[in-house]
Amino acid sequence: MTIVYRFCLIFCFLVFASSVQAQLQDALIKANELKDINPDEARKYAEQAEKLAKQGANDRGLADSYAVLGYLQAYHFDRPDLAYEAHEKAYALYKQLHTKGYLDNDSFYHFLNEEAIPTYKYVKGVESKKKRYKKAIQNYEMLNGKFAVDLASIATVMRRDLEAKQKEVQDKEKKIEEKDKTLKEKDKKIATTSEILQQKKMNEVTLIAERSKLSNSLSDKEQQALHLIDSLYDQQVMLQEQEKAAAEAKMKQAQAEKAQAVSEKDKLKQKADLDRQGWFLMLMGIGGVLGIVLLIVIVSALIQQRKASEKISKQRDTLVAQNAEIKQQQEEIVAQSENISQQNTMLQQQTEEIKAQRDNLELQHQLLEKHKVEIEKQRDESNHLLLNILPEAVADELKTTGKATPHSYDMVTVMFTDFKGFTKIAEKLTPEQIVAELDRCFLAFDEILERFEMEKIKTIGDGYMCAGGLPISNKTNPIDAVRAGLAMQEFMQKLKVEKEAKGEPVWELRLGIHTGPVVAGVVGKKKFAYDIWGDTVNVASRMESSGETGKVNISGATYEYVKSYFNCTHRGKVMAKNKGEIDMYFVENKSSLFQSVQNLLATEKP
């Protein structure tokens, strides 16, 4: 009973699972068909597919439903933030399935290159001031870096598959060349055999002609022998008639003479008998000679006929054997021709298959090259984005190992800047004007940092934080930081003159610098950023808040490093929040010695 019950449960579960799978596939198909025709209906089907996939624990179906939802939210419902969330979930599921071998490279590549990345580019290209767009773009930029790594990995695998297929095609082409060579050799053998058969046929025709000629010759000789026998018989009959006529004439003469000379009757009779016997003997001798001649002729003719018959019999046997051999060779040629025909058909099929494979490989190669160009472009974009977020050394470490290890630095110079009265100024400007002014100033600061090999850390509202001496350590970072600070104040002074001339609100900058040890690294797994920590950061912040507009305020620690290069004014010990009294200095300008060295270096540059 228990076994039957379990069997029923299993059967019901399989039927239910099959039904859920069918409904899931149907919902996904309808969602994809309607996503550009009726987005509302498409979203209903996609959400239905999501529920069914979760119900049936179908990760692939769940990922597909998230991909459709991401597309709809971005292109039709103006919710790029929701699109990012859906694509992030879809990417995580696709990545997991691909890693486990449940998702092929083409499907994973299709999602990345045909759905997620185009959506990111679409969202990035929309001109909107909504916060959710900026947030979505930032999130997509972080996710796009992962896309580039996966696309590069997929391209490597596809390149290996393509190389393997090309090698397979080359092996098949070599086999076909070998078969062509074998077939050519067989064709030569068949041609040779055909020539032999043709020669044998010609010999057969010649033998038949000779046999016919010999038969005709024997027939002529037999006719001649028969004519000769008839002639001898006629001559013998004539001799007998002549002999009879002569006998009758002699008998008549004897009767006539009997009357004249009775006395001489016996003599004449004896003489006549003697003459008759002589004639008879003579005729018998002639007849014997003629019989012997005729017998010799007949025997000779029979012997020749027998020899000719034996020769013809031998020739006939030879012809029969040759005919049998020719027939066998003809059968072999027919079999070889059929085999060659089959091989030619197979060879033609293989050639067509190889041509199709070559065309397919060429198409795949072109697609792969296109993918490579796209991947390189996306990698460059990702690298550019990554370098905008992280220092180059940290970005390289993150790409190589997948993480960035925090590092301690004994000597780093930290700089903070802040605009005085920013809140009051911001009240008189529109948000767009505020962002435009900050962007103008911060872009100039970025260019200055690049000149003096400083590293931008982050911006917080109108605050700007940077540091020198990391991620690659150096001994000149205090000097570099002071030079950068002076350049920033110089830029702000020019901007002040420009704004005063236009009657616009003036922005004034406070700037503080401190040198000391810090720890630097990347924090978090999402929206990660390069940051620094330590008391040095706090002191540098106090240098900024305790400074004055238009001045470069440095700590006593920084002063000890730069006093030989810059003219500084000691402010004494100034009270800093939560830090007590700290020695502070205003940097006035470069020292005459430092300025002379710089002028000399500038003169020597080509």
Side-chain angles (χ1 to χ4, degrees), residues 60 97-114 150-209 315 317-376:
R60 175 63 187 274
L97 291 170
H98 182 261
T99 303
K100 292 181 178 179
Y102 299 141
L103 185 70
D104 56 59
N105 288 327
D106 291 336
S107 299
F108 194 30
Y109 177 84
H110 176 80
F111 167 73
L112 294 174
N113 202 49
E114 303 296 333
D150 290 326
L151 286 172
S153 176
I154 292 172
T156 301
V157 175
M158 293 176 70
R159 189 183 299 108
R160 290 175 182 172
D161 293 341
L162 180 62
E163 291 174 353
K165 289 182 179 179
Q166 287 177 340
K167 184 177 180 183
E168 183 180 351
V169 169
Q170 290 176 356
D171 293 338
K172 287 186 178 180
E173 288 178 346
K174 288 182 180 179
K175 290 181 180 179
I176 289 174
E177 290 178 358
E178 293 176 356
K179 287 185 178 180
D180 285 339
K181 186 177 180 180
T182 304
L183 288 174
K184 287 180 181 178
E185 292 177 354
K186 287 185 178 180
D187 288 339
K188 289 181 180 179
K189 291 181 180 179
I190 290 172
T192 304
T193 306
S194 299
E195 292 177 358
I196 294 172
L197 290 175
Q198 189 68 24
Q199 186 64 37
K200 287 184 178 180
K201 286 183 179 179
M202 293 177 64
N203 293 338
E204 181 181 1
V205 172
T206 304
L207 289 173
I208 292 171
Q315 290 177 347
D317 293 339
T318 302
L319 288 174
V320 169
Q322 289 179 348
N323 286 333
E325 185 178 357
I326 290 169
K327 185 177 180 181
Q328 183 179 359
Q329 291 177 349
Q330 288 176 343
E331 291 175 353
E332 291 178 355
I333 289 172
V334 170
Q336 290 178 351
S337 298
E338 292 177 353
N339 187 22
I340 291 170
S341 178
Q342 293 177 356
Q343 290 180 349
N344 286 333
T345 303
M346 291 176 63
L347 183 62
Q348 187 176 2
Q349 292 176 352
Q350 290 178 350
T351 303
E352 292 176 355
E353 290 176 0
I354 290 173
K355 184 179 178 181
Q357 290 179 352
R358 187 182 290 110
D359 294 339
N360 187 24
L361 287 175
E362 183 65 25
L363 182 61
Q364 290 182 355
H365 182 69
Q366 293 175 359
L367 184 61
L368 183 60
E369 289 297 325
K370 182 179 178 182
H371 292 170
K372 283 171 61 180
V373 172
E374 185 67 23
I375 288 169
E376 290 295 332

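Hydrogens, waters and symmetry mates play no part in the numbers below; they use all other heavy atoms, side chains included.
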- Task: Mind checking the CG-OG1 spacing from Leu368 to Thr156? Nearest 0.5 Å is all I need.
- Result: 9.5 Å
- Item | salt bridge (Lys or Arg N to Asp or Glu O under 4.0 Å) contacts touching residues 335-356 (sequence neighbours left out) | none
- Item | Nearest-0.5 Å distance that lies between atom CD in Glu163 and atom CG in Leu361 | 11.5 Å
- Message: Does anything in residues 357-370 form a salt bridge (Lys or Arg N to Asp or Glu O under 4.0 Å)? List the pairs, not counting sequence neighbours.
- Response: Glu173-Arg358, Glu369-Lys372
- Minimum-distance pair of heavy atoms, taken over all atoms of Asp104 and His98: O-CD2, 4.1 Å
- Taken to the nearest 0.5 Å, the spacing of Asn360 CG from Leu367 CG works out to 10.0 Å
- Item | Residue pair Phe108 / Ile154: nearest heavy atoms and the distance that separates them | CD2-CD1, 3.5 Å
- Who are the side-chain hydrogen bond (donor to acceptor under 3.5 Å, both in side chains) partners of Glu114, not counting sequence neighbours? none
- Task: Quick one: pull up CG in Asp171 and CD1 in Ile176 and give me the separation to the nearest 0.5 Å.
- Result: 11.0 Å
- Query: Are Lys179 and Gln350 side-chain neighbours, meaning at least one heavy-atom pair lies under 4.5 Å?
  - Reply: yes
- Task: Check whether the side chains of Tyr109 and Asn113 place a donor and an acceptor atom closer than 3.5 Å, and report yes or no.
- Result: yes
